[in-house]
Amino acid sequence: MTENNIALIKSKKNALLLTAFAAVCTLFVAVTHIITAPVIEEQKQQDILRKLTQVLNQDKFDNNPLENCTSINDASITGINKPSKVYRATLNDEPYALIFQTQTKQGYNGRIEVMVAINATGEVQGVRSIAHQETPGLGDKIELEKSNWVLDFNGKTVKSESDSKWFVKKDGGQFDQFTGATITPRAIVNQLRQSIFNTSQQFDDIFSLPNECVSIEVKN
């Protein structure tokens, strides 16, 4: 056997070993995904439920919003051009609130995501920031854990997309801006003004859309 043939055999052997190794790794990743997917989905549902209960009045609904949702593709509400879930809370099968996420890229460090709940009259039931990259100690006061600023939205309604009250005080509105961090609260107030008004205008239509949520058991 020539040296070339020996080298060729070694090359084929190494290629087979690499292929087998890649196949085993792929199989391992696939099996891991199958095993962990239900756990990840349950954790995701628990996280959503925890946030939903923060923006809703517990005494005003008796259904599980995780089992009553639909999808909308309306950037004037969600801030993005792709389908987004809207959850629905009811009391005695009557509409109580719509809970949706909206976002803006006008934060000091970019995108800010917020969860909002409004009732049938457009009255804000709750607002919570759910994701952002704002500056710690300044812009992160949008988190309830850092300040009560988001509670100022409770009970308020938006009369129009240019409602003069729905601006930070520096722009003539009613909402405080943080000392040294006007950009962050301004971005949220401006986004909420548009999102809440447009949601309130479509409240009945969104509530009448088909249910797209399946029942998933969430452990307490």
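Worth knowing before you read on, the calculation uses all heavy atoms, side chains too, and leaves out hydrogens, waters and symmetry mates.
A 6.0 Å sphere centred on CD of Gln174 holds more than 12 heavy atoms belonging to other residues, nucleotides or ligands. Surrounding CG of Asp93 are at most 12 heavy atoms belonging to other residues, nucleotides or ligands under 6.0 Å away.
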| request: Start with the C-alpha distance between Ser200 and Ile118, add both sets of side-chain angles, then the distance that settles side chain to side chain contact (heavy atoms under 4.5 Å, CB included), and finish with yes or no. | output: CA-CA 8 Å; Ser200 64; Ile118 67 168; 4.1 Å; yes

| task | Take Gln103 and Val114 through the side chain to side chain contact (heavy atoms under 4.5 Å, CB included) test and state the conclusion after the steps. | result | CA-CA 6 Å; Gln103 61 178 265; Val114 181; over 6 Å; no

| field | Worked verdict on Lys159 versus Thr157 for side chain to side chain donor-acceptor pair (under 3.5 Å) | value | CA-CA 6 Å; Lys159 305 302 182 186; Thr157 58; 3.3 Å; yes

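Residues passing the salt bridge (charged side-chain N to carboxylate O under 4.0 Å, His left out) test with Asp171 are Arg186, sequence neighbours excluded. Judged as a salt bridge (charged side-chain N to carboxylate O under 4.0 Å, His left out), and not counting sequence neighbours, the contacts of Asp140 are Lys146. Every residue two or more places apart in sequence or in another chain that forms a side chain to side chain contact (heavy atoms under 4.5 Å, CB included) with Thr135 is listed here: Tyr108, Asn109, Leu138.
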Donor-acceptor list for residues 94-101 side chains, cut-off 3.5 Å, not counting sequence neighbours:
unit_1 : atom_1 : unit_2 : atom_2 : d
Tyr96  : OH     : Asn57  : N      : 3.3
Tyr96  : OH     : Gln125 : OE1    : 2.8

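Checked by atom type and distance alone, the side chain of Thr184 never pairs as donor or acceptor with a backbone atom of Gly139 at under 3.5 Å. Here the side chain of Arg88 pairs a donor or acceptor atom with the backbone of Phe207 at under 3.5 angstrom. Proximity of a side-chain donor or acceptor of Gln177 to a complementary backbone N or O of Lys170 within less than 3.5 Å is detected. For Asn198 (side chain) and Thr78 (main-chain N/O), no donor-acceptor pair under 3.5 Å exists by modelled atom type. Looking at Thr102, its side chain does come within 3.5 Å of a backbone N or O of Ile77 through a donor-acceptor pair. Without hydrogens or angle criteria, Arg128 side chain to Val55 main chain gives no donor-acceptor distance under 3.5 Å. Using modelled atom types, one side-chain atom of Asp62 and one backbone atom of Asn92 make a donor-acceptor pair closer than 3.5 Å. Side chain of Thr90 to main chain of Asn63: no donor-acceptor pair is present (N/O by atom type, distance under 3.5 Å, no hydrogens or angles). With hydrogens and angles ignored, the 3.5 Å screen pairs no side-chain donor or acceptor of Ser129 with any backbone N or O of Ala131. Using modelled atom types, no side-chain atom of Arg193 and backbone atom of Ile188 make a donor-acceptor pair closer than 3.5 Å.
Scanning both residues, Asn211 and Asn68, for their nearest heavy atoms gives OD1-CA, 3.4 Å. Ala75 and Asn81 get closest at one heavy-atom pair: CB-OD1, 3.3 Å. Of all non-hydrogen atoms in Pro65 and Leu56, the two that sit nearest each other are CG-CD1, 4.2 Å. Residues Ala187 and Gln106 come closest through the heavy atom pair CB-O, 3.5 Å.
Atom CG of Leu144 is separated from atom CG of Leu151 by 5.0 Å, given to the nearest 0.5 angstrom. Once rounded to the nearest 0.5 Å, the distance linking CD of Gln194 with OG1 of Thr104 reads 9.0 Å. For the atom pair CG of Leu209 and CG of Asp204, the computed distance is 11.0 Å after rounding to the nearest 0.5 Å. The CD1 atom of Ile130 sits 10.5 Å away from the CD atom of Gln54 when rounded to the nearest 0.5 Å.
Pairs engaging residues 60-127 under the disulfide (SG to SG under 2.5 Å) rule: Cys69-Cys213 [sequence neighbours left out]. For residues 47-81, the set of pairs meeting the ring pair (Phe, Tyr, Trp, His ring centres under 6.0 Å) definition, not counting sequence neighbours, is empty.
Using a 4.5 Å heavy-atom threshold, the side chains of His132 and Ile142 count as touching. Within the 4.5 Å cutoff, side-chain heavy atoms of Phe175 are placed close to those of Trp166. Contact annotation: the side chain of Tyr87 approaches that of Leu66 to within less than 4.5 Å [non-hydrogen atoms, C-beta and beyond]. Using a 4.5 Å heavy-atom cutoff, the side chains of Val127 and Met115 are not in contact. A 4.5 Å side-chain heavy-atom check between Ile206 and Thr70 finds at least one atom pair inside the cut-off.
Checking Asp74 against Gln202 by side-chain atom types alone, a donor-acceptor pair falls below 3.5 Å.
At a threshold of 4.0 Å, the pair Glu143-Lys141 does not count as salt-bridged, since none of the basic side-chain nitrogens sits closer than that to a carboxylate oxygen.
Both Val150 and Leu192 are assigned to one and the same hydrophobic cluster, defined by single-linkage of ILVMFWY side chains at heavy-atom distances under 4.5 Å. Hydrophobic clustering (side-chain heavy atoms under 4.5 Å, transitive across Ile, Leu, Val, Met, Phe, Trp, Tyr) groups Val189 together with Val158. Note on Phe167 and Phe197: separate hydrophobic clusters, where clusters join Ile, Leu, Val, Met, Phe, Trp and Tyr whose side-chain heavy atoms are under 4.5 Å apart, directly or indirectly. When the side chains of ILVMFWY residues are joined at heavy-atom separations under 4.5 Å, either directly or via intervening members, Val86 and Val124 end up in a single hydrophobic cluster. Under the 4.5 Å side-chain contact rule for hydrophobic residues, Phe203 and Ile196 share a cluster.
The aromatic ring centroids of Phe178 and Trp149 lie less than 6.0 Å from each other.
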